[in-house]
Every structure is written in structure tokens, then in C-alpha cells.
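Presented below is the structure to which this report refers.
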Amino acid sequence: MWVVAGCWIDIGGSLGWPGLGSKGWLHCIRLGLGGDVQPDVAGEDRAYNQAAWDFVFLLENADFASPNFHLRLWIGIVLMGESASSLKDPNGPLFYKGSYHLFYQYNPDGAVWGNIVWGHAISRDLIHWRHLPIAMVADHWYDINGVWTGSATVLPDGQVVMLYTGSTNESVQVQNLAYPANLSDPLLVDWVKYSGNPVLVPPSGIHFKDFRDPTTAWSTSEGKWRITIGSKVNKTGISLVYETKDFIRYELLDGLLHAVPGTGMWECVDFYPVSKLEENGLDTSVDGPGVKHVVKASLDDTKIDYYAVGTYDGSSGIWTPDDPKVDVGFGLRYDYGTFYASKTFYDQKRMRRVLWGWIKETDSENADVKKGWASLQGIPRTILFDKKTGSNILQWPIEEVEKLRLNSDEFNELEVKVGSVVSLDVSSGSQLDIMAEFEVDKEALERINGTDVEYKCSASGGAAERGALGPFGLLVLADKNLTEQTPVYFYIAKGADGNLKTFFCTDQSRSSEATDVDKSIYGSTVPVLKGERLHMRILVDHSIVESFAQGGRSCITSRVYPTKAIYGDARLFLFNNATETKITASLKIWQMSSAYIDHS
Ligand code: DQQ
């Protein structure tokens with residue numbers, strides 16, 4: 001329960017809140033926080049047990065285009081211009097006694113990296129969240145320089161084991177063990193660090209600063225557990241494997257899970273099975289003939305999450321990619337935009353594997369400090385093996401996000417002529433779930449002569465660069481004059497051999513009139529199989545655009561900072577900048593509710 005004791009507007013602030021009619025901060029004080037909030041009302045009192053001034057219900061709109069259904073820190077408040085905080089890597093996600101738990105790298109003292117502790121939030125549905133008290137702080141010699149990334153393992157008897165990296169008093173990276181103080185508490189509020197920590201120190205040959213981010217454990221046929229930990233040797237990224245019976249004593253296996261020369265330090269390695277046969281996700285220990293295994297590494301050098309699909313040999317402990325040409329670090333990416341330090345977990349309630357990823361800010365640090373918070377978590381995604389291509393995974397927003405859908409608009413078979421823009425009449429374009437299908441003129445596809453000119457989203461002129469068969473797609477977060485716009489689009493390239501290659505891209509070059517923000521053009525090729533229509537789904541949440549092509553074969557997350565295309569002024573357009581083909585588009589577009597106003 002909380003009571004608002006009073007609010008005031010700080011007109012001198014630097015950011016605006018539409019509706020207030022002037023630039024400024026809205027400050028509120030609340031009283032009577034904390035107490036006995038039960039897990040079944042998660043979402044009602046999200047800021048449970050925070051400091052008395054962090055009343056958020058109105059303040060989350062206190063900076064430009066602040067997202068409303070993505071998980072971030074709700075204490076987006078500057079009190080006397082001094083307070084700020086940021087979240088980063090998702091840590092230890094798990095489902096326990098009816099609630100989802102997400103821990104995260106958290107700096108309570110600033111909107112930039114540093115002073116890392118473990119924040120903790122719970123949810124009944126992975127969409128509505130309540131922040132709980134900090135789970136672990138840096139209070140022992142073995143983690144005094146930071147409680148870094150780690151993972152949870154739920155044992156068959158219901159115990160929860162948390163392994164995390166600590167940065168010691170001498171900045172050595174070690175692995176530590178923690179467990180819930182009270183397993184009968186569904187909130188898992190209190191955590192105990194094992195008295196014998198650290199349980200692992202860097203092995204010989206590994207630099208003391210290159211040993212971090214233990215994974216969820218998987219069981220072996222001999223009844224032991226294995227974990228993998230990222231590292232590097234010279235420029236080769238590697239994943240060490242340890243075996244344990246009790247999570248206290250470990251043996252380093254001779255073989256590495258995997259190693260890829262030239263990829264540098266592997267952070268936040270993830271390793272999990274996907275089913276070749278079933279439509280559900282698999283628990284981390286599942287293996288067998290119908291199973292493939294995914295290895296993901298977050299490359300410290302480039303801050304990109306790469307994955308590859310392959311085969312795991314439990315007896316040697318070694319994983320081999322199916323196609324060495326698309327090995328970890330130079331093949332497939334989870335996301336071609338802003339998405340890092342990701343981690344999956346197996347959701348035993350809904351038998352699915354769920355992916356979390358950290359979306360960093362791409363504006364200036366100064367701007368983050370001013371707005372008082374930084375970074376978000378992407379909408380969780382389910383992961384399935386793509387049985388049709390047999391070579392990639394499919395990522396799709398968890399179905400619970402659809403609970404936020406409000407009224408929808410449908411547009412059927414709209415024709416978009418060569419070089420044209422069509423306005424879509426939706427009430428507001430700032431919180432949307434968009435499903436769109438596109439058809440290219442068949443006659444044009446055949447008529448066009450192919451060329452061997454290479455196309456690459458990031459090296460192109462973006463949505464403004466015209467080709468015979470693209471770009472075409474949507475302009476999201478656009479203002480009425482199109483001075484600000486974020487195009488999400490397909491581009492089809494026809495090769496000299498007549499084969500078609502489809503690209504899926506996002507162009508941030510005109511997403512904001514602000515000058516100190518990232519304006520990259522992102523994207524990649526996306527497989528389109530014979531007979532398939534071009535399809536995209538886009539989640540728009542004020543300043544985040546998460547886009548999924550062909551059922552999640554390719555994904556792009558953009559963190560954008562519109563200054564004009566905000567709230568009621570954000571619009572949506574179709575565009576076709578191809579020179580030789582008209583496009584036919586069919587769309588269904590839902591307005592999305594804010595996560596915090598749904599108390600179901
Ligand atoms: N963030 C953590 C590390 C991890 C990195 C420190 C990845 O454990 O390797 O905050 O973003």
C-alpha cells in the first residue's frame with residue numbers, strides 16, 4: 001500500500017512530460033511503503049519496498065518517450081538532480097512457486113556501469129513486474145568489486161542453486177555459490193552466500209580477469225552436474241566445462257565445450273537443448289536423438305550475442321556446430337540491433353525456453369544521468385528450433401504480451417505504389433503490436449535482371465537507398481512530416497543467377513532529431529522459403545522497437561529517442577521505396593496497454 005503525500009513540478013528540469021505543457025519533472029512523495037504484498041498481486045505495487053520518494057506511477061512518463069511495457073527500473077527519478085540507477089545483464093531467471101523471478105546486474109547509484117549488485121523482480125506472467133529488495137550486495141572479499149552475472153539451477157528436489165561471478169578485492173574473477181534463505185518464501189527475498197566461497201578460482205592458463213558468468217547446470221548420465229564458464233586464451237574465445245556433484249567441489253574437464261579463434265572473451269555463455277520434433281522447449285538436461293544443442297556467447301570485443309546450432313557429445317563434453325561456416329562469433333546473431341548478455345531459462349510451468357536480453361541505451365551517458373535511469377530488458381522471447389530451415393532458432397515474444405493488446409485496426413491488401421508512402425489511420429503510434437504481411441509483384445520479380453552487387457543493411461543508405469525490389473515496409477515512430485521515422489523493412493536482392501535473397505533491416509538514421517544518439521542501420525539476411533509470404537511483427541513501445549521477421553528467424557531491437565514522434569504525435573506509415581515493384585500489404589495493428597495498469 002502507498003499513499004501519495006504530495007507532488008510538485010520542477011520546471012527547471014531538462015526533460016518534458018507531455019500533458020504538463022512545459023518541460024519539467026513531476027516529483028511525488030509517497031508514504032507507507034513495503035509490507036506484506038503477496039505474490040498474486042504482482043504488478044499492483046511494483047515499487048514495493050523502495051525508498052520513500054520513488055513514487056513512480058506518474059514519473060515513469062517523466063522523460064521523453066519512456067517505454068511503458070518493457071521491464072526497466074521504475075525508480076526513474078531525479079530527486080534534487082542526484083539519484084539515478086541502471087540495470088544490465090539478466091541473471092538467474094527461474095520459475096518458483098507460482099512466480100517468475102528475474103535478477104539483473106544493477107547499479108543502484110548511477111545510470112552508468114559500476115557498484116554492481118543483484119536487483120530482483122518477480123512476476124506472475126513475465127510482463128507485469130514488481131521490484132523486490134536487492135537480492136545480493138557486494139559485501140564479501142570474494143565479490144566486493146561486484147556481484148556479477150550468474151545463473152540458477154532448480155534441482156529435482158526443489159532446491160535452488162545460484163552460481164555467480166564475484167570480482168574479488170583484487171579484481172580476480174571467481175565463482176560463488178548462493179541459495180535462498182527460505183525455500184518456503186515464494187518471493188525468494190533473502191539470499192545466503194555459501195560460507196566456503198569462492199567455489200571456483202581461475203584455472204591455470206586463464207587470466208584472472210577472464211573467467212566469468214557460470215551457466216545453469218545440466219545433469220550427466222552418471223548423475224553429476226556440469227556447468228560451463230566463458231573465457232579466452234589469447235584471442236580464442238572458449239567455454240570451460242566443470243563437473244560437480246554438490247555445487248561445492250568441481251572438476252575441470254579436459255575438453256572445452258567449444259572454442260572459436262579470433263572471437264575474444266566469451267561472456268554470458270548459454271548452452272541448452274532444442275527439440276527437432278516437439279513444439280515445446282526443453283529442460284536444460286534433456287538430451288537424446290531428437291535434440292540439438294545451441295551455444296551462445298556474448299562477445300566482449302563487439303558486444304554482440306552470437307549463437308550456433310550443433311550437436312553435443314555428452315561423453316566427451318564437446319559440442320560441434322552443424323555448419324562450421326556459421327560457428328559462434330561469425331554466423332547467426334540473436335538480434336541484429338541492441339541486445340546483449342542474454343540468458344535463457346526453462347519455464348517448467350509452460351514447458352518453454354524463454355530468452356531474456358539486455359537492451360542498453362544508445363544515447364549519451366550524460367542523457368542517461370539526466371533522465372535518471374538506463375537500460376531495459378527486452379520482452380522475453382520463446383525459443384524453438386526452426387524445423388523448416390533446420391539451421392536456426394525462432395524467437396517470438398512470449399504469448400503473455402498479447403494480454404496487453406487493446407483495440408485493433410485491420411488493413412487488407414493495401415496497394416503501395418512504387419516510391420510511395422501510405423499513412424495508416426491508427427489512433428496512436430507509440431504503443432503497438434503490429435503484424436504485417438507483404439507481397440511483391442510476381443511479374444516484377446521475374447522481369448528484373450539480377451546482378452551480383454552485394455547488399456548489406458548496415459553498409460547501405462538505409463530506407464532511402466532504392467533498389468529494384470526494395471526497400472519496403474513500415475515507418476514506425478514517425479511524426480506527421482516524417483522528419484523523424486524508424487523504418488523497419490525488407491529488401492530483396494536478385495542475384496545474377498536469378499536467386500532471391502531477402503534482407504530484414506531497421507534504419508535509425510532519422511529516428512531522432514537529437515544528435516547524440518546512435519543512428520546505425522541494422523539488419524541481416526532472413527531465410528524465406530518457397531511459398532512463404534514476407535511477414536514481420538513489430539512491438540513499438542515509445543522508444544524501443546523490437547522487430548521479428550519470418551516468425552522470428554531474424555530479430556532487430558532498436559533503442560531510439562524520438563523527440564517529435566512521441567505519444568499522440570507518433571504515427572505509422574507503409575512505405576515502398578522499390579523502383580520496380582508495387583507492394584501489397586495486409587496488417588493487423590493493436591494498441592497496447594501499459595504493463596502497469598493491468599492488475600490481472
Ligand atoms: N556483465 C557482468 C559480467 C558479464 C558482463 C558484469 C556482460 O559478469 O561478463 O556486470 O555484460
Side-chain angles (χ1 to χ4, degrees), residues 73 85-93 102-120 134-138 142-152 162-168 171-178 193 197-202 206-216 227-232 237-240 263-271 295-307 328-329 333-335 337-344 355-362 365 368 374-378 557 559:
L73 289 161
S85 60
S86 65
L87 59 71
K88 261 194 75 192
D89 317 9
N91 291 159
L102 182 74
F103 304 84
Y104 49 85
Q105 296 284 281
Y106 174 38
N107 178 0
D109 301 327
V112 293
W113 189 82
N115 317 307
I116 297 295
V117 302
W118 270 35
H120 182 190
I134 290 168
M136 290 196 276
V137 296
Y142 53 76
D143 62 11
I144 200 75
N145 275 311
V147 186
W148 287 5
T149 281
S151 306
M162 201 64 89
L163 286 170
Y164 71 93
T165 299
S167 179
T168 71
S171 294
V172 178
Q173 292 170 13
V174 298
Q175 314 313 323
N176 300 315
L177 171 63
K193 293 176 186 173
N197 277 338
V199 292
L200 277 171
V201 298
I206 295 296
H207 190 270
F208 67 96
K209 285 191 170 176
D210 294 334
F211 183 58
R212 56 185 182 270
D213 311 335
T215 60
T216 294
I227 56 164
T228 183
I229 298 174
S231 184
K232 70 170 178 185
I238 65 170
S239 200
L240 303 155
T263 53
M265 175 67 197
W266 282 15
E267 299 189 308
C268 305
V269 172
D270 203 4
F271 176 63
V295 170
K296 185 277 303 187
S298 302
L299 301 199
D300 193 19
D301 290 355
T302 53
K303 300 286 183 255
I304 293 174
D305 279 16
Y306 282 96
Y307 78 94
V328 181
R333 290 171 56 168
Y334 272 170
D335 194 295
T338 302
F339 192 90
Y340 192 63
S342 61
K343 183 178 296 299
T344 63
L355 170 70
W356 280 104
W358 162 49
I359 301 170
K360 67 172 185 180
E361 301 295 327
T362 57
E365 237 174 57
D368 297 340
S375 297
L376 309 99
Q377 303 292 336
T557 299
R559 184 85 180 92

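When a ligand or atom number is given, it counts from 1 through the structure's own listing order. Index from 1, following the sequence.
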**Message:** What's the separation between atom CG in Leu163 and atom CG in Asn91, rounded to the nearest 0.5 Å?
**Reply:** 12.0 Å
**Message:** I need the nearest protein heavy-atom contact for atom 1 (N) of ligand 1: residue, atom name and distance, please.
**Reply:** Asp89 OD2, 2.8 Å
**Asked** atom 6 (C) of ligand 1: which protein heavy atom is closest, and how many Å away?
**Response** Gln105 OE1, 3.2 Å
Which atoms from ligand 1 have a heavy atom of [X] less than 4.0 Å away?
X	value
Lys88	1 (N), 10 (O), 11 (O)
Tyr340	11 (O)
Trp148	6 (C), 8 (O)
Asp213	3 (C), 4 (C), 8 (O), 9 (O)

Exercise: do [X] and [Y] side chains pair donor with acceptor under 3.5 Å:
X	Y	answer
Trp148	Ser167	no
Ser375	Ser86	no
Asp305	Ser298	yes

**Asked** Has Lys360 got more than 12 heavy atoms of other residues, nucleotides or ligands less than 6.0 Å from its NZ?
**Response** no
**Asked** Judged by non-hydrogen atoms, does Thr165 sit under 4.0 Å from ligand 1?
**Response** no
**Prompt:** Is there at least one pair of N or O atoms, one from Arg212 and one from ligand 1, spaced under 3.5 Å apart?
**Reply:** yes
**Request:** Give the ring-plane orientation class for His120 versus Phe103, where under 30° counts as parallel, over 60° as perpendicular and anything between as tilted.
**Result:** parallel
